[in-house]
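This report concerns only the one structure given below.
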Amino acid sequence: MNEIRAIKLHNSLSGKKEVFQSLAPGRVGMYVCGPTVYSDVHLGNCRTFVSFDIIYRYLMHSGYKVRYVRNITDVGHLLDDGEDRMSKGARLSQLEPMEVAQKYTVGFHDIMRILNTLPPSIEPRATGHIPEQVEMVKAILDRGYAYEKNGSVYFDVIKFARENPSVYGQLSGRVIDELLAESRENLKHQDEKNHPADFAIWIKASEEHIMRWNSPWSVGFPGWHLECSAMSTKYLGKTFDIHGGGGDLKFPHHENEVAQNHGSCGCQPANYWLHANMLLLNGRKMSKSEGNTISPVELFSGDSPFISKGYSPMVVKFFMLMAHYRSTLDITDEALQAAEKGFRKLMETNKLLQATSIPARDFDGSESDTDRAILALIDDAYKGMDDDFNTAIALASLNEIGGYVNKLVNKQIAESDIAPWVLERMKTAFANFIYDIFGLQDESAGAADGTVEGLMRLVLDIRASAREQKDWTTSDKIRDALTEVGIQVKDGKEGVSWSKQ
RNA sequence: GGUUUCUUGGCCGAGCGGUUAGGCACAGCUCUGCAAAAGCUGCUACAGCGGUUCGAAUCCGCUAGAAACCUCCA
């Protein structure tokens with residue numbers, strides 16, 4: 001797959017599906033809002049990053065060179081009491097803020113690795129880009145879209161929205177009238193801001209605030225929305241191709257981000273905005289603050305009241321792939337069990353397929369109906385991905401192809417019904433989708449080293465002899481013992497095979 | 001209260017005007033010493049009420065229910 005494919009994607013900016021057109025031919029710049037590292041990542045984060053990992057992988061698979069930037073937020077989020085999240089975490093656990101950030105960054109990377117997502121091309125930290133953020137505040141001030149009050153700088157949303165009515169609110173669908181209406185309601189909470197809709201881009205640090213930097217306005221720290229504007233600009237340019245993130249970031253974060261970029265350079269930061277939908281638990285959004293949450297580790301271990309047992313990382317990933325990234329996905333124990341079975345079946349089918357060969361024969365130039373059906377299914381899988389990265393469609397197609405694989409292996413369809421080159425296409429397509437595009441891993445692969453293979457061959461040979469002599473007691477004893485250690489014995493027409501559960 | 005989105009068979013979940021999505025579960029059958037695995041078959045749904053259309057799960061309206069956002073959030 002080296003030629004560039006035509007890909008359609010849903011652009012939150014227009015609310016429509018559009019044909020993707022990169023700014024530079026064959027190259028894509030993509031920015032995705034990363035995690036705030038003040039506690040362990042939760043699953044919701046993971047779904048978003050898995051979704052964008054698939055998008056990243058598919059763009060590359062489709063022939064693009066992609067620069068994928070995903071930040072680490074290690075400063076800037078305000079709590080209700082105005083204390084920075086990072087410094088609060090530090091206070092509680094008696095650690096330096098950077099120690100907290102480091103600890104949870106490492107944990108985040110571990111989970112991302114376990115889920116077999118590719119690391120981004122660049123993973124910039126907010127604290128590593130204070131000068132860039134200060135520069136951006138200056139630029140916004142210069143262009144008159146911000147004002148200073150007591151050492152803090154605020155973005156003038158009302159002024160910006162009035163002068164750029166087609167820009168502010170485009171992403172979230174919010175309008176100025178609405179903002180003005182809200183203002184009366186919230187007026188009593190008014191602080192230094194001229195208007196409640198305004199937001200801080202530089203905040204003067206209180207005395208006990210640990211994270212602080214010099215700036216022309218005060219010793220302080222940058223506002224939350226600013227880091228993404230500054231870092232995307234630095235690494236991808238003022239205007240780049242794709243900006244992604246969780247759907248709950250649309251407002252205010254992304255809307256404000258657009259405003260900042262516009263406010264500093266007068267240009268649109270990203271041509272396409274992609275939003276991954278929420279992961280639900282019990283039909284509600286998973287939320288750290290509401291305790292309605294299950295962590296990746298708990299999900300893997302089964303140590304959670306919400307599930308009956310643990311589910312492996314690849315099962316969890318497969319579960320996410322069964323739904324489209326723009327749909328909400330509800331976690332239930334039953335759905336996870338279905339995913340577990342589905343995942344194992346797909347991987348088993350792949351193993352069978354890759355081990356299958358059919359005698360070479362002269363290609364007579366004709367395709368059988370089976371050939372055509374299989375080729376159409378492979379095409380469907382790609383078309384599904386081309387259509388806004390519809391992994392559910394791609395999986396459905398792979399499952400259908402899997403049916404043919406099993407039939408071929410079981411001799412329910414003749415070898416002569418499948419052209420050798422079609423079989424090769426099947427192998428390639430399966431491998432491409434499973435490993436390159438979905439980034440799935442065979443979790444039982446580790447067990448199949450030489451020693452285990454040898455032992456298994458010995459054990460199964462003994463069982464085969466017992467069966468020849470109709471010694472069912474011995475045969476079943478072996479089978480039951482293997483089942484107990486999680487190895488399934490499969491008696492097929494073409495002999496015995498086994499797999500680890 | 002405002003904004004937006006959603007409501008698909010036992011469960012999860014595709015679908016973007018005309019086709020069996022797919023997975024899981026369940027039942028029957030084939031294979032099998034038995035079982036498992038695998039295959040085949042069945043289960044054929046679109047919240048309700050109207051409307052548009054030759055034709056609607058898909059478009060429009062109303063009603064009911066749910067969720068997200070409006071405040072930190074992936």
Side-chain angles (χ1 to χ4, degrees), chain A residues 15-17 32-36 38 41-52 77-80 85 169 172-175 177-179 181-182 185-186 189 196-197 224 244-253 255 275-280 283-290 318-319 321-324 326-343 345-346 348-349 352 380 384 387-388 390-400 402-403 405-407 409-413 467 470-472 475-476 479-480 483 488-493 496-499:
Chain A
K16 290 181 190 141
K17 243 183 233 177
V32 173
C33 292
T36 302
Y38 67 97
V41 250
H42 77 241
L43 257 193
N45 282 288
C46 296
R47 150 111 116 150
T48 298
F49 300 137
V50 164
S51 296
F52 283 101
H77 282 205
L78 292 172
L79 292 171
D80 291 337
R85 279 201 165 172
S172 62
R174 247 152 265 266
V175 285
D177 291 348
E178 202 185 305
L179 293 171
E182 276 172 20
E185 196 71 20
N186 300 336
H189 305 303
W224 169 40
D248 52 353
L249 291 182
K250 248 191 210 172
F251 191 88
H253 185 238
E255 195 72 78
H275 289 98
N277 217 138
M278 302 295 101
L279 197 55
L280 306 180
R284 311 199 126 244
K285 178 184 169 183
M286 298 188 79
S287 159
K288 286 185 201 177
S289 48
E290 285 173 41
F318 186 83
F319 170 69
L321 295 176
M322 294 202 309
H324 185 84
R326 294 188 58 240
S327 298
T328 53
L329 175 60
D330 198 359
I331 293 195
T332 62
D333 201 53
E334 215 178 346
L336 284 166
Q337 287 189 24
E340 184 169 63
K341 290 226 175 180
F343 169 66
K345 193 167 152 186
L346 183 71
E348 277 301 307
T349 302
L352 272 178
D380 285 347
D387 188 12
D388 200 22
N390 198 326
T391 50
I393 294 278
L395 275 181
S397 304
L398 290 186
N399 275 320
E400 293 206 60
V405 174
N406 282 314
K407 273 185 235 182
V409 172
N410 290 345
K411 311 254 182 250
Q412 287 172 270
I413 53 177
R467 296 183 73 206
K470 303 209 187 301
D471 176 3
W472 308 127
S475 168
D476 290 351
R479 188 175 67 195
D480 294 346
T483 303
Q488 182 183 42
V489 178
K490 299 172 189 174
D491 295 315
K493 272 192 174 163
V496 186
S497 63
W498 62 279
S499 69

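No hydrogens, no waters, no symmetry mates; every other heavy atom, side chains included, goes into these values. Numbers restart at 1 for each chain; the letters A, B, ... are given by sequence-line order, proteins then strands.
Using a 4.5 Å heavy-atom cutoff, the side chains of A/T349 and A/L398 are not in contact. Contact check for A/Q488 versus A/E348: no side-chain heavy atoms found under the 4.5 Å cut-off. You'll find the side chain of A/D476 reaches within 4.5 Å of the side chain of A/R479, heavy atoms only. The side-chain heavy atoms of A/L395 and A/L321, taken from C-beta on, include a pair separated by under 4.5 Å. Taking 4.5 Å as the limit, every side-chain heavy atom of A/H42 sits out of range of all side-chain heavy atoms of A/L279. Annotation: side chain of A/Q412 is not in contact with side chain of A/N406 (no heavy-atom distance under 4.5 Å). Counting heavy atoms from C-beta on, the side chains of A/D387 and A/K17 come closer than 4.5 Å. A heavy-atom distance below 4.5 Å is found between the side chains of A/L336 and A/I331.
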Could you go step by step and tell me if A/D380 and A/E400 meet the side chain to side chain contact (heavy atoms under 4.5 Å, CB included) rule?
CA-CA 11 Å; A/D380 285 347; A/E400 293 206 60; over 6 Å; no

**Request:** Given side chain to side chain contact (heavy atoms under 4.5 Å, CB included), test A/D388 with A/H324 step by step and report yes or no.
**Result:** CA-CA 9 Å; A/D388 200 22; A/H324 185 84; 3.4 Å; yes

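Using atom P as the reference point in both B/A14 and B/A47, the two lie 15 Å apart (nearest Å). Distance check on atom C1': B/G42 versus B/A25 gives 14 Å, rounded to whole Å. For the P atom pair drawn from B/G65 and B/C16, the interatomic distance equals 30 Å after rounding to whole Å. Rounded to whole Å, the P atom of B/U4 lies 16 Å from the corresponding atom of B/U63. Rounded to the nearest Å, the gap between the C1' atom of B/U58 and that of B/C46 is 10 Å. Spacing of C1' atoms, B/G9 relative to B/G23, comes out at 14 Å, to the nearest Å. When the P atom is used for both B/C12 and B/U3, the distance is 30 Å, rounded to whole Å. The same atom, C1', is picked in B/A36 and in B/U32; the two are 10 Å apart, to the nearest Å.
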Nucleotide by nucleotide, nucleotides 9-22 of chain B touches protein heavy atoms under 4.0 Å in the pattern (B base, S sugar-phosphate only, - none) --SSSSSB----BS

Just the table, please: protein N/O against nucleotides 38-45 of chain B N/O, every pair under 3.5 Å.
residue : atom : partner : partner atom : Å
B/A38   : O3'  : A/N406  : ND2          : 3.1
B/A38   : O2'  : A/N410  : ND2          : 2.2
B/G39   : OP1  : A/N406  : ND2          : 3.1
B/G39   : O4'  : A/Q412  : OE1          : 3.1
B/G39   : O2'  : A/Q412  : NE2          : 2.5
B/C40   : OP1  : A/K407  : NZ           : 3.0

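B/G33 has its base stacked against the ring of A/W472, the centroids being under 5.5 angstrom apart at an interplanar angle below 30°.
Residue contacts for A/G44: at a heavy-atom cut-off of 4.0 Å it reaches a base atom on one of the strands shown. Residue A/K341 is in sugar-phosphate contact alone, with no base atom involved, counting any heavy-atom pair closer than 4.0 Å across all strands shown. Residue-level contact check: A/V489 touches the bases, meaning some heavy atom is under 4.0 Å from a base atom.
Taking only distance into account, the side chain of A/H275 never meets the base of B/A74 through a donor-acceptor pair shorter than 3.5 Å. No N or O donor and acceptor, one from the side chain of A/R479 and one from the base of B/A36, sit under 3.5 Å apart.
Atom CG of A/L321 is separated from atom C1' of B/G23 by 13 Å (rounded to the nearest Å). Rounded to whole angstrom, the span from the CG atom of A/D333 across to the P atom of B/G23 amounts to 21 Å. Summarising the geometry, the separation between CG on A/N277 and C1' on B/C69 is reported as 12 Å, rounded to the nearest angstrom. Summarising the geometry, the separation between CD on A/E340 and P on B/A25 is reported as 11 Å, rounded to the nearest angstrom. Regarding A/M278, its CE atom lies at a distance of 18 Å from the P atom of B/U4, rounded to whole Å. When the C1' atom of B/A67 is taken as reference, atom CG of A/L279 falls 14 Å away, rounded to whole Å. Atoms CG (A/L249) and P (B/A74) sit 6 Å apart, rounded to a whole Å. One atom, CG of A/D491, and another, C1' of B/U32, lie 8 Å apart when rounded to the nearest Å.
With hydrogens and angles disregarded, no donor-acceptor distance shorter than 3.5 Å links the side chain of A/S475 to the backbone of A/D471.
A/T48 and A/G246 get closest at one heavy-atom pair: CG2-N, 3.9 Å. Heavy-atom minimum distance, A/E255 versus A/S172: OE1-OG, 2.6 Å.
Comparing A/Q337 and A/R467 against RNA chain B, the residue whose closest nucleotide sits nearer the 5' end is A/Q337. The nearest heavy atom of RNA chain B to A/G246 and to A/D476 marks one nucleotide each, and the one closer to the 5' end goes with A/D476.
With rounding to the nearest 0.5 Å, the separation of CZ in A/F343 from CE in A/M322 is 12.0 Å.
For A/F251, the listed nucleotide lying nearest its side chain is B/C70; candidates were B/C70, B/A74, B/A35.
In RNA chain B, runs of at least 3 stacked Watson-Crick or G-U pairs (N1-N3 plus N6-O4 or O6-N4, or N1-O2 plus O6-N3, all under 3.5 Å) give these stems: B:1-7 with B:64-70, B:10-12 with B:22-24, B:26-30 with B:38-42, B:47-51 with B:59-63.
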